[in-house]
Every structure is written in C-alpha cells, then in structure tokens.
Asker: 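I'd like to ask you about the structure that follows.
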Amino acid sequence: MNVRTRIAPSPTGDPHVGTAYMALFNWAFARHYGGQFLLRIEDTDTARSTPESEASIFAALQWLGLDWDEGPDVGGAAGPYRQSERREIYAQYAQQLVDREQAFYCFCTKERLDRVRSEQQAAKQTTRYDGCCLGLTADAVAQRVAAGEEHVIRMCVPDVGECTFEDELRGPVTIPFSQIDMQVLVKSDGMPTYHLAVVVDDHLMGITHILRGEEWLNSVPKHVLLYQYLDWPMPKLLHLPLLRNPDSSKLSKRKNPTSILYYRDEGFLPEALLNYLGMMGWSMPDESEIFTKAQMVKAFDEKRISVGGPIFDQAKLAWLNGQYLRQLSASEFIAQTQSWMFNQDRLSQLIPLVQERVEKFSDLAPLVDYLVGARKTLTPDNFLHKTLDRDANVKILHHTSALLDDLRHWEREAIFELCQDLAQALDLKFRDYLFPLFVAISGRGVSLPLFDSLIFLGPDLSRARIRGALDAFSVSGKERKRLDKSLVKVTALLSSGQ
RNA sequence: GUCCCCUUCGUCUAGAGGCCUAGGACUCCGGGUUUUCAUCCCGGCAACAGGGGUUCGACUCCCCUAGGGGACGCCA
C-alpha cells in the first residue's frame with residue numbers, strides 16, 4: 001500500500017509549533033513507509049486567511065527542513081492544493097449530498113441559531129441544530145434560493161444510534177449521534193467548511209493516514225457519515241495528543257511562545273526544535289534523546305506514540321539546543337550566527353538605529369545588546385517609576401500584550417497608534433505609559449527608540465518579551481481575570497472612540 | 001452542563017503480567033575538573049492518581065471514582 005499523509009494548515013496567523021509537530025509526524029510516517037507527504041492549505045475562512053500567513057507557513061516548514069512532495073508551490077497530480085481554488089469540486093459533492101437527501105438547505109438566521117443555542121444551554125441540553133429547515137420541500141427551497149435568500153447547506157445526522165470508529169492509537173471510540181450537530185457543509189459565501197473540504201480532499205488526494213490533533217476526535221463521526229454518504233473508504237486515523245502549556249492547558253500564545261518563527265528568531269536550530277518535537281509523545285526504541293530527523297524516520301513506529309498530552313518545556317528545549325550548538329565546528333558556528341543575526345540584512349536594519357548615538361565603535365554593543373540578544377530577567381524593581389505603581393505597570397503590560405497579540409500586521413504606524421490609543425484609554429501620559437514597555441523590551445527604562453526596537457525584534461520576540469515581563473510580577477489567576485475584564489472595557493472604549 | 005480522550009518522578013519519557021529494589025533525560029541540590037563562569041564528569045532528591053476486581057503474580061488486563069484535557073461555531 002502506498003502511504004500518503006498530509007499537513008493541512010490554515011493560513012490564519014503565525015505558523016504554530018503545533019503545526020510543526022503534526023507536520024513532523026506526518027512527514028516521518030510517510031518517509032518511513034516510503035510514501036508521499038503533501039501540504040494542503042486550508043484557506044476556506046476567507047475573513048481570516050492571508051497570503052502573508054501562507055507564506056510564513058511555507059517559510060517555517062522549509063526552515064525546519066520538512067519537505068513535501070505535493071503542495072500549492074510544487075504542484076502535483078491531485079491539485080490544486082489550496083482549498084480556495086477547489087470550490088467547484090466541493091460544490092459538486094455538496095449538490096450530490098443534497099440530491100441524495102444526505103444534506104439540506106438551511107435558511108436560519110444567525111439570530112435564530114443563537115437563540116436556539118442559548119435555550120438549549122439554559123435547558124442543559126447538548127447544543128445542536130434543531131432541524132428547523134429539514135422539512136422544507138424542494139420547491140420551497142428552490143423558490144427561496146431563487147429569491148436570493150441567504151442560505152447554507154447542512155449535513156443530515158441521525159437522531160439516534162451511535163458511531164463507532166477506530167483510532168489507530170487508542171482502539172475503538174464510540175460517540176452517540178445525539179452529540180453530533182447537523183454540521184454546516186457549505187457556508188453562505190459558498191465556501192465549504194472544514195468538515196466537507198477535509199473529507200473531499202483527503203479522498204481525492206489519496207490520503208491513506210490522517211495524523212492530526214486530538215481536538216478532532218469528537219468530529220470524526222461527521223466525517224464517517226460523509227465518507228459513507230459519498231461511498232468512499234475511510235483513511236486510517238491517528239489522533240496525536242495536544243501540546244500543552246506548563247499549566248497543562250492546550251498550548252496557546254497567551255501562555256507560551258507558539259510561533260515557529262519565535263524559535264528561529266530566538267536562536268534555536270531547526271534540527272533541535274524538530275528533535276524536541278520528536279520526543280513529545282514519541283521516543284526512540286533505544287531511548288536515545290538526541291536524534292536527527294533521518295534517524296527518526298528510520299526508527300519511526302506509530303506504535304511508539306503515546307497519547308498523554310506532553311507539556312512543551314522551554315528548559316529542556318534549551319538544553320537540547322545547547323547540545324546541538326556545542327557539537328558544531330567553529331566554522332559551522334560562525335555560519336549559523338551569521339545567518340541568524342550577523343548578516344548584511346540584519347545589520348543594515350540595526351546600524352541606522354545606533355549610528356548617530358555612538359562616539360566610538362565600542363559604544364555599539366552596549367546599545368544594541370537587547371536587540372541581538374536576550375534582555376535580562378526582570379524583577380519588580382526594574383519597574384520602579386515616579387508615578388506608576390505596581391498595578392499600573394501590570395495593567396499596561398497586560399493590556400498592551402493582549403492587544404499586540406491580536407495585531408495582524410506588525411507595522412510601526414499600527415503599533416504606534418495602538419499604543420497611543422491605549423495610553424489615552426488608560427488616561428496616562430504617553431511617556432509614562434511607554435516606560436514599562438521599554439523595560440519589558442530592553443530591560444531598561446531608557447534604550448533605543450521603542451517602536452524601532454519592536455520592528456527590529458519582530459512580532460514574536462516582542463510579544464514574548466512583554467508577556468515575559470509580566471512574569472516578573474506574580475499575577476494571580478484572580479488578578480488575571482480582573483485584568484481581562486478591564487481589558488474588555490478598554491477595548492470597548494477604543495472601538496467607540498474610532 | 002453533555003459527550004469524548006487521557007493519567008509512571010515537578011517536566012519529557014522507558015516499561016506490552018514475573019527482567020522493577022520502577023530505568024534514562026531535563027530541572028533542582030551537592031561534589032569534582034577548570035584562573036572565573038559555562039561546558040564536562042560524579043552523586044543525590046523525586047513517580048506507577050485512589051479503590052475494587054482478574055491472576056500463583058499487576059506499573060502492565062477489566063471496572064468504578066477522582067483529577068487533567070478536548071469538543072460542543074457559517075474557525076480550522
């Protein structure tokens with residue numbers, strides 16, 4: 001049997017380490033069995049997908065050295081590999097499902113659905129579409145569609161019975177159909193949802209094994225139904241554990257750096273990151289911990305995957321990276337530091353910031369230390385200020401961090417405006433407001449211009465430093481909740497002000 | 001709330017009924033090498049969630065409880 005696996009990221013943000021994790025296992029699986037590994041872009045969310053994000057996913061996977069045999073950039077016989085370019089294909093199957101009464105048109109408004117949902121929640125029932133449009137006659141549907149009424153297509157799901165399917169890592173799993181929603185398959189903008197697109201594409205692209213996150217386990221019955229409706233064979237399913245934050249919740253950028261680019265910019269080697277991800281839920285048969293991706297491919301055995309959720313431990317990753325750095329020859333080390341920071345491109349961004357501030361070359365390093373290296377670890381004392389107290393510092397850091405996390409385009413002007421607006425909303429003088437940010441970014445109250453620094457460091461490092469600065473203050477869960485509430489108010493103020 | 005998944009040192013893990021006095025790694029703590037530091041070496045702390053079965057024998061199999069996680073979107 002020719003094995004085919006895929007990684008199917010959604011280009012809606014920074015390339016996530018979870019994506020790298022899944023890519024690694026799918027890649028290793030395919031390579032071990034001599035099959036193909038494909039890259040498919042799941043950009044059916046037109047509001048959130050961006051070409052920049054897609055490009056950064058390519059860049060991140062290439063940096064890691066995970067090569068794909070078919071994909072949007074390299075082509076292949078089963079293309080196109082971008083879901084937004086496959087609309088007609090999905091439409092065709094959606095129509096087939098409607099014709100066979102395995103799916104139906106739904107005209108319910110968002111308002112009605114929200115109402116039904118909250119009623120079900122109040123009654124402590126499973127939230128699920130109530131079947132309102134299920135009984136519509138073909139004529140009625142045709143009329144309403146012709147009249148231009150907005151609609152979606154939903155899949156039919158039995159009310160009773162249960163679905164049992166096989167997960168290769170945990171054995172049979174049974175989920176009652178009463179828990180399964182009549183999932184929307186085609187959105188009102190004509191795009192398929194994940195569930196339709198993934199089934200159609202995996203089949204048409206000949207995917208034999210799906211290795212993906214455990215978060216998908218609950219939606220397998222929807223897919224099983226679709227495969228049955230379409231008369232297609234089920235691929236094998238392997239649901240891998242989710243990477244976790246230190247508090248054991250699902251890995252998230254609010255609690256941990258999650259962007260692959262962060263690890264690149266911080267100075268991790270791709271080999272080390274990959275090696276580390278390879279020991280999350282998997283181990284070499286001889287228990288060795290330092291191994292190359294070629295060794296992993298050779299030894300790969302899905303039976304060795306464990307299903308408990310591993311915590312992504314920065315300390316062990318750092319140790320592992322140290323092992324890799326130490327084994328480099330001096331000339332390799334020079335080459336690596338050059339490609340990391342000391343190259344024409346990076347230096348020409350850096351020098352203009354310092355040229356007019358130095359009198360001797362020896363002034364250079366102290367000025368830029370925090371830009372070419374980690375800033376020092378902070379304590380509350382670093383934030384002592386004539387007007388800002390502890391709580392003010394915490395609030396500024398928390399709110400700025402949250403707003404920057406959601407900022408789509410990392411541009412000087414946008415960041416500047418965001419900060420200015422926030423300072424105003426908090427009723428602070430701009431220069432006072434900026435103080436904790438200077439400390440968070442540079443480790444000092446005075447440094448090179450803040451916004452230039454943010455641009456130079458880039459979104460991933462900047463966000464991590466501001467979030468890290470907050471760790472200097474022990475912020476309790478309770479306080480964090482208060483801060484989140486305060487943030488909601490401030491955000492409301494910001495949007496009303498515009 | 002409902003459903004699903006998971007559960008070995010603080011963390012990553014080894015362990016497929018006797019090889020377990022539960023092993024390795026990170027972290028932390030000691031000690032050694034080194035002009036300092038780091039590296040490196042040596043040593044130490046530290047776990048089978050709890051309770052019932054099955055079995056001559058259970059970390060390993062089954063059940064219950066507890067805890068953790070996830071899902072419940074016209075997001076993936």
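Chain letters run A, B, ... following the sequence lines, proteins first, then strands; residues in each count from 1. Note: hydrogens, waters and symmetry copies are ignored here, and every other heavy atom, side chains too, is used. No experiment lies behind these values; they were computed from the predicted model shown.
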Asker: Which comes earlier along RNA chain B counting from the 5' end, the contact point of Thr127(A) or that of Ser10(A), where each point is its nearest nucleotide?
Answerer: Thr127(A)

Asker: Of the nucleotides A76(B), U27(B), C4(B), which has the atom closest to the Trp216(A) side chain?
Answerer: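 Out of A76(B), U27(B), C4(B), the nucleotide with an atom closest to Trp216(A)'s side chain is A76(B).
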
Asker: Should A66(B) form a Watson-Crick or G-U wobble pair with both distances under 3.5 Å, which nucleotide is its partner?
Answerer: U7(B)

Asker: Does a sphere of radius 6.0 Å around NZ in Lys236(A) hold more than 12 heavy atoms from other residues, nucleotides or ligands, not counting ones at 6.0 Å or beyond?
Answerer: no

Asker: So, is Ser283(A) near the phosphate of A14(B), with a side-chain N or O under 4.0 Å from OP1 or OP2?
Answerer: yes

Asker: Using the P atom in both, what is the distance from A16(B) to U60(B), to the nearest Å?
Answerer: 12 Å

Asker: Using a 4.0 Å heavy-atom cut-off across all strands, classify Cys108(A) as base, sugar-phosphate, or nothing.
Answerer: base

Asker: Between atom OH in Tyr324(A) and atom P in U39(B), what is the gap in whole Å?
Answerer: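 Tyr324(A) atom OH is separated from U39(B) atom P by 19 Å.
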
Asker: Can you tell me if the side-chain N/O atoms of Arg128(A) get under 4.0 Å from OP1 or OP2 in C3(B)?
Answerer: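 False: Arg128(A) side-chain N/O out of range (4.0 Å or more) of C3(B) OP1/OP2.
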
Asker: A71(B) C1' sits how many Å from His223(A) NE2, rounded?
Answerer: 12 Å

Asker: From the list A25(B), A76(B), G69(B), which nucleotide is the closest neighbour of the side chain of Ser248(A)?
Answerer: G69(B)

Asker: Checking contacts here: which listed nucleotide (G24(B), A76(B), C4(B)) is nearest the side-chain heavy atoms of Glu289(A)?
Answerer: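 The nucleotide sitting nearest to the side chain is G24(B).
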
Asker: Round to the nearest Å and state the distance from Phe312(A) atom CZ to G10(B) atom P.
Answerer: 22 Å

Asker: Compare side-chain N and O positions of Arg244(A) against OP1 and OP2 of C12(B) and report whether any pair is under 4.0 Å apart.
Answerer: no

Asker: Across all strands shown, which nucleotide pairs with C59(B) by Watson-Crick or G-U wobble geometry, both distances under 3.5 Å?
Answerer: none

Asker: When the C1' atoms of C9(B) and G31(B) are considered, how many whole Å apart are they?
Answerer: 23 Å

Asker: At under 4.0 Å between heavy atoms, what does Glu42(A) touch on the DNA or RNA strands: base, sugar-phosphate, or nothing?
Answerer: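 The residue Glu42(A) makes sugar-phosphate contact but no base contact.
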
Asker: Please determine if Arg4(A) forms a cation-pi arrangement with Phe37(A), meaning its NZ or CZ atom is less than 6.0 Å from the six-membered ring centre and no more than 45° off the ring axis.
Answerer: no

Asker: Atom CG of Leu243(A) to atom C1' of U11(B): distance rounded to whole Å?
Answerer: 13 Å

Asker: Rounded to whole Å, please give me the gap between CG in Asp43(A) and C1' in A76(B).
Answerer: 11 Å

Asker: Determine: side-chain N/O of Gln323(A) to OP1/OP2 of C40(B), distance under 4.0 Å, yes or no.
Answerer: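 Checking Gln323(A) against C40(B): at least one side-chain N or O falls below 4.0 Å of OP1 or OP2.
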
Asker: Mind checking the C1' distance from A46(B) to A22(B)? Whole angstroms is fine.
Answerer: 13 Å

Asker: Look at the side chain of Gln183(A) against the base of G73(B) and say whether a donor-acceptor pair falls under 3.5 Å; ignore hydrogens and angles.
Answerer: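 No such pair is found, so the answer is no.
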
Asker: Using Watson-Crick or G-U wobble geometry with both distances below 3.5 Å, tell me the partner of G1(B), or none.
Answerer: C72(B)

Asker: Are any of Lys250(A)'s side-chain N or O atoms less than 4.0 Å away from OP1 or OP2 of A71(B)?
Answerer: yes

Asker: When you measure from the side-chain N and O atoms of Ser288(A) to the phosphate of G24(B), is any distance below 4.0 Å, counting only OP1 and OP2?
Answerer: no

Asker: Is any side-chain N or O of Thr44(A) closer than 4.0 Å to OP1 or OP2 of A76(B)?
Answerer: yes

Asker: May I ask you to check whether Phe312(A) and Tyr276(A) place their ring centers less than 6.0 Å from one another?
Answerer: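 Under 6.0 Å, so yes.
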
Asker: Using the P atom as the point on both nucleotides, what is the distance between A58(B) and G17(B), in whole Å?
Answerer: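 G17(B) and A58(B) have their P atoms separated by 14 Å.
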
Asker: Just N and O in the side chain of Arg117(A): are any of them under 4.0 Å from OP1 or OP2 of C74(B)?
Answerer: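 Yes, Arg117(A) has a side-chain N/O under 4.0 Å of OP1/OP2 on C74(B).
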
Asker: Rounding to an integer number of angstrom, what distance separates A49(B) and G23(B) when you compare their P atoms?
Answerer: 16 Å

Asker: Check if the side chain of Thr126(A) and the base of C3(B) share a donor-acceptor pair of N or O atoms closer than 3.5 Å.
Answerer: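 Check fails, no donor-acceptor contact within cut-off.
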
Asker: Out of curiosity, Leu470(A) CG to Arg465(A) CZ, how far, rounded to the nearest 0.5 Å?
Answerer: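 These two atoms lie 16.0 Å from each other.
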
Asker: Can you measure Glu287(A) atom CD to G24(B) atom P for me and round it to whole angstrom units?
Answerer: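 It is 9 Å, rounded to the nearest whole Å.
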
Asker: So what does Met280(A) hit on the nucleic acid, given a heavy-atom distance under 4.0 Å: a base, only sugar-phosphate, or nothing?
Answerer: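 Contact class for Met280(A): sugar-phosphate only.
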
Asker: If you look at every strand shown and take non-hydrogen atoms under 4.0 Å, does Arg212(A) touch a base, only sugar-phosphate, or nothing?
Answerer: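 No contact at all - Arg212(A) keeps every heavy atom at 4.0 Å or more from the nucleic acid.
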
Asker: With C1' as the reference atom in both, quote the distance from C12(B) to A47(B) in angstrom, rounded to an integer.
Answerer: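 Their C1' atoms lie roughly 13 Å apart.
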
Asker: OP1 or OP2 of A76(B) versus the side-chain N and O atoms of Lys187(A): is any pair under 4.0 Å?
Answerer: yes

Asker: Select one nucleotide: of C26(B), C74(B), G69(B), the one nearest the side-chain heavy atoms of Glu214(A).
Answerer: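 From the listed options, G69(B) comes nearest.
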
Asker: Name the nucleic acid region contacted by Gly322(A), choosing base, sugar-phosphate or nothing; use a 4.0 angstrom heavy-atom cut-off, strictly under.
Answerer: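 Here Gly322(A) touches no strand at all.
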
Asker: Can you give me the closest heavy-atom contact between Met279(A) and Leu320(A), atom names plus distance?
Answerer: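 Taking every non-hydrogen atom into account, SD-CD2, 4.4 Å.
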
Asker: Name the closest nucleotide to the Gln179(A) side chain, picking from G70(B), U2(B), G73(B).
Answerer: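 Nearest nucleotide to the side chain: U2(B).
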
Asker: Please classify the nucleic acid contact of Val173(A) as base, sugar-phosphate, or nothing, using heavy-atom distances under 4.0 Å.
Answerer: sugar-phosphate

Asker: When you compare G18(B) with C64(B), how far apart are their C1' atoms, in angstrom units rounded to a whole number?
Answerer: 27 Å

Asker: Sub-3.5 Å donor-acceptor pair from the side chain of Lys253(A) to the main-chain atoms of Asp405(A), do we have one?
Answerer: yes

Asker: Select one nucleotide: of C74(B), C6(B), U11(B), the one nearest the side-chain heavy atoms of Arg170(A).
Answerer: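 Among the listed nucleotides, the one closest to the side chain of Arg170(A) is C6(B).
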
Asker: With under 30° as parallel and over 60° as perpendicular, where do the rings of Phe29(A) and His209(A) fit, or are they tilted in between?
Answerer: tilted

Asker: Take atom CZ of Arg304(A) and atom C1' of G15(B), then tell me their distance rounded to the nearest Å.
Answerer: 10 Å

Asker: What does G44(B) pair with, Watson-Crick or G-U, if both distances are under 3.5 Å?
Answerer: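 Across any shown strand, G44(B) pairs with C28(B).
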
Asker: According to the Watson-Crick and G-U wobble definitions, with both distances under 3.5 Å, which nucleotide is paired to C20(B)?
Answerer: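 Answer to the pairing question: none, since C20(B) forms no Watson-Crick or G-U pair.
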
Asker: Tell me the interatomic distance from Trp282(A), atom CH2, to G24(B), atom P, rounded to whole angstroms.
Answerer: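 Between P of G24(B) and CH2 of Trp282(A): 21 Å.
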
Asker: Aromatic ring centroids of Trp319(A) and Tyr324(A) under 6.0 Å?
Answerer: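 Not close enough - the centres of the two rings lie 6.0 Å or further apart.
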
Asker: Quiz question: going by heavy-atom distance under 3.5 Å, is there a donor-acceptor pair between the base of A25(B) and the side chain of Lys316(A)?
Answerer: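 Such a pair exists between side chain and base.
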
Asker: For the CG atom of Asp73(A) and the CD atom of Glu54(A), what is their distance to the nearest 0.5 Å?
Answerer: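 Result: 8.5 Å between the selected atoms.
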
Asker: Can you figure out which of C74(B), C26(B), A76(B) approaches the side chain of Ala315(A) most closely?
Answerer: C26(B)

Asker: What interatomic distance, in whole Å, is found between P of A25(B) and the corresponding atom of C40(B)?
Answerer: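 It comes out at 12 Å once rounded to the nearest Å.
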
Asker: Side chain of Arg128(A), backbone of Ile180(A): donor and acceptor closer than 3.5 Å?
Answerer: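 Yes.
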
Asker: For RNA chain B, whose closest nucleotide is more 5', that of Met279(A) or that of Leu169(A)?
Answerer: Leu169(A)

Asker: Look at all strands and tell whether Ser178(A) reaches a base, only sugar-phosphate, or nothing, counting heavy atoms closer than 4.0 Å.
Answerer: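 Nothing: the residue Ser178(A), judged by heavy atoms under 4.0 Å, touches no strand.
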
